[in-house]
Protein chains: 2
Amino acid sequence: MASFTEENYLKAIYFLSRTQSAGVSTNSIAHRLDTKASSVTDMLKKLSAKKWINYQKYQGVTLTTSGQRTALLIIRKHRLWEVFMVEKLNFKWDEVHEIAEQLEHVDSTELVDRLEEFLEYPKFDPHGDPIPDREGNVFHHKDLSLADLTTGESGVVVGVKDSSSAFLQHLESMGLVLGCPVTVKATYAYDKSMLISIKHKKTHTVSVQVSRNLYIKKHLDQ
Amino acid sequence: MASFTEENYLKAIYFLSRTQSAGVSTNSIAHRLDTKASSVTDMLKKLSAKKWINYQKYQGVTLTTSGQRTALLIIRKHRLWEVFMVEKLNFKWDEVHEIAEQLEHVDSTELVDRLEEFLEYPKFDPHGDPIPDREGNVFHHKDLSLADLTTGESGVVVGVKDSSSAFLQHLESMGLVLGCPVTVKATYAYDKSMLISIKHKKTHTVSVQVSRNLYIKKHLDQ
DNA sequence: AAATATTTTTAGTCTAATCTAAAAATTAGA
DNA sequence: TCTAATTTTTAGATTAGACTAAAAATATTT
Ligand SMILES: [Mn+2]
Ligand SMILES: [Mn+2]
Ligand SMILES: [Mn+2]
Ligand SMILES: [Mn+2]
């Protein structure tokens with residue numbers, strides 16, 4: 001059994017290895033968990049002893065199959081609880097992440113599986129992230145960001161890379177929610193900002209910080 | 001903010017002071033939390049420093065107003081989560097206590113209050129225990145056990161003193177559930193066992209361990 | 001009222017997780 | 001390539017919570 005802290009390390013390593021192609025560095029983990037590199041080294045030895053990571057001094061780490069499964073089952077819980085809070089308790093999508101950070105550590109397979117059934121097997125959480133199944137399998141198809149579109153191209157918002165309240169509230173103020181159809185009207189090389197139009201709604205100029213954090217599915221299928 | 005461990009100590013002291021009239025002893029806390037008396041003494045000093053208990057060496061402890069409120073807000077969460085699991089996730093009443101022991105430590109007033117609303121403000125948990133309100137106020141009206149009834153008297157089961165799976169499953173095997181109308185047919189002085197009849201159902205002989213752990217409301221009101 | 005038994009507290013250790021400071025290894029660059 | 005900067009690891013301390021063993025206080029018997 002993983003402790004609360006070990007679970008957070010496994011999750012951090014999982015997310016970092018999805019953006020970094022090579023092994024995850026000690027420093028990047030320390031930065032993400034807001035702790036010191038020396039603390040991370042200590043923990044890496046423990047996680048390695050428990051066969052959750054492949055660790056060799058100075059070489060960075062990768063998750064073992066068992067470690068990845070453990071991480072994905074925590075993420076499964078996190079996302080199901082987020083769906084519960086938004087769908088059943090009427091929370092807004094920018095209010096649930098912090099609470100889910102606590103709920104994800106509640107240890108009961110029975111509880112999660114029944115929660116999933118109660119929620120009628122949702123495929124995605126309120127931020128468009130896919131929900132892993134009971135075995136820890138998950139499919140990602142969010143490789144395209146708004147920043148990757150060129151002038152004239154259209155798509156629909158399918159997810160957010162940044163789930164912070166600040167970002168989500170900013171999106172909401174522009175009416176940019178999941179499922180929202182958008183078209184790129186112009187791109188400005190100077191600061192990489194974009195002029196976009198939201199179907200049947202307003203036109204906005206969005207910064208590169210916004211466009212890089214919005215996942216898009218191209219070729220509107222409606 | 002109370003730590004996970006501190007919360008469990010406050011809850012233990014709360015329950016112990018409901019059965020013991022005087023201050024709660026170090027040993028009784030140690031026994032309930034399955035730990036050593038020396039560990040309890042250490043923790044009592046911390047709880048006292050945080051003004052949650054009144055502690056004087058060798059004198060036993062009582063909760064302060066703040067300590068009692070803290071304990072009751074944890075119990076509120078515990079019982080609301082139990083209702084959620086039984087009412088919405090189709091758990092049985094003997095399956096939810098252990099999971100609620102974890103969920104009760106999730107820290108979010110917003111979450112608990114919205115959960116309470118979602119559950120339509122239940123007054124009692126699946127074991128007949130009252131649910132404290134947002135301020136930590138609660139009313140108990142379960143002072144009478146089946147063991148207190150005499151031959152010929154009737155009542156209805158309103159709660160259980162022991163919430164262990166073993167006891168709840170035993171009750172269920174006899175059809176003795178909440179709201180069940182019972183009549184005492186005979187009492188046997190030898191071992192204090194009782195012959196009881198369950199309305200429209202069977203007749204059973206119950207031991208004193210059972211009768212003392214069943215709360216009854218006398219004078220059937222149907 | 002002593003003597004004995006029980007309860008509670010203290011003293012000293014241990015483990016998990018953290019930290020700072022210093023040493024070692026790796027990477028970058030002149 | 002060899003020196004300098006950066007990253008990572010080690011060494012040694014700290015804190016929360018728990019433990020054992022022993023001392024001190026309280027309670028119970030004779
Ligand atoms: Mn989240
Ligand atoms: Mn999410
Ligand atoms: Mn319970
Ligand atoms: Mn209960």
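Every chain is numbered from 1, with letters handed out A, B, ... down the list of sequences. Note that the structure is a prediction, hence the values are computed from the model and not measured. Heavy-atom basis, side chains included; hydrogens, waters and symmetry copies ignored.
Within residues 27-39 of chain A, the residues approaching DNA chain C are A:Thr35, A:Lys36, A:Ser38, A:Ser39, by heavy-atom distance under 4.0 Å.
Distances were taken from every side-chain heavy atom of A:Thr26 (C-beta onward) to each of D:dT9, C:dA17, C:dT8; the shortest belongs to D:dT9.
Comment: B:Lys50 engages B:Glu6 in a salt bridge, judged by a side-chain N to carboxylate O separation of less than 4.0 angstrom. Classification of B:Asp129 and B:Lys161 as a salt-bridged pair fails, no side-chain N sitting under 4.0 Å from a carboxylate O. For A:Glu117 and B:Lys88, the salt-bridge test fails: no basic side-chain N is under 4.0 Å from an acidic carboxylate O.
Between the OH atom of B:Tyr58 and the P atom of D:dA27 there is a distance of 11 Å, rounded to whole Å. For B:Met43 and C:dT10, the CE to P distance is 16 Å, given to the nearest whole Å. In this structure, the NZ atom of B:Lys46 is 5 Å from the C1' atom of D:dG17, given to the nearest Å. Atoms NZ (B:Lys45) and C1' (C:dA11) sit 10 Å apart, rounded to a whole Å. If you measure from atom CG of A:Leu44 to atom P of C:dA17, you get 13 Å, rounded to the nearest angstrom. Atoms CD (B:Gln56) and C1' (D:dT26) sit 15 Å apart, rounded to a whole Å. Between the CG atom of A:Asp42 and the C1' atom of C:dA21 there is a distance of 14 Å, given to the nearest Å. Protein atom CD of A:Gln59 is 13 Å distant from nucleotide atom C1' of D:dT9, rounded to whole Å.
Nucleic acid contact for A:Thr41: base, since at least one base atom lies under 4.0 Å from a heavy atom of the residue.
A pairwise comparison of heavy atoms in B:Pro132 and B:Arg76 identifies O-NH1, 2.9 Å as the closest pair. A:Pro126 approaches A:Trp93 most closely through the heavy-atom pair O-CE3, 3.3 Å.
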Derivation of the salt bridge (charged side-chain N to carboxylate O under 4.0 Å, His left out) call for A:Glu116 and A:Arg134: CA-CA 10 Å; A:Glu116 183 184 36; A:Arg134 269 160 300 273; 2.6 Å; yes

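OP1 and OP2 of D:dA16 both lie 4.0 Å or more from every side-chain N or O belonging to B:Tyr9. Residue A:Lys57 has no polar side-chain atom (N or O) positioned under 4.0 Å from OP1 or OP2 of D:dT7.
Heavy-atom distances to DNA chain C give each of B:Tyr55 and A:Phe4 a nearest nucleotide, and the one nearer the 5′ end belongs to B:Tyr55.
Ring centers of B:Tyr9 and B:Tyr14: at least 6.0 Å apart, outside the cut-off.
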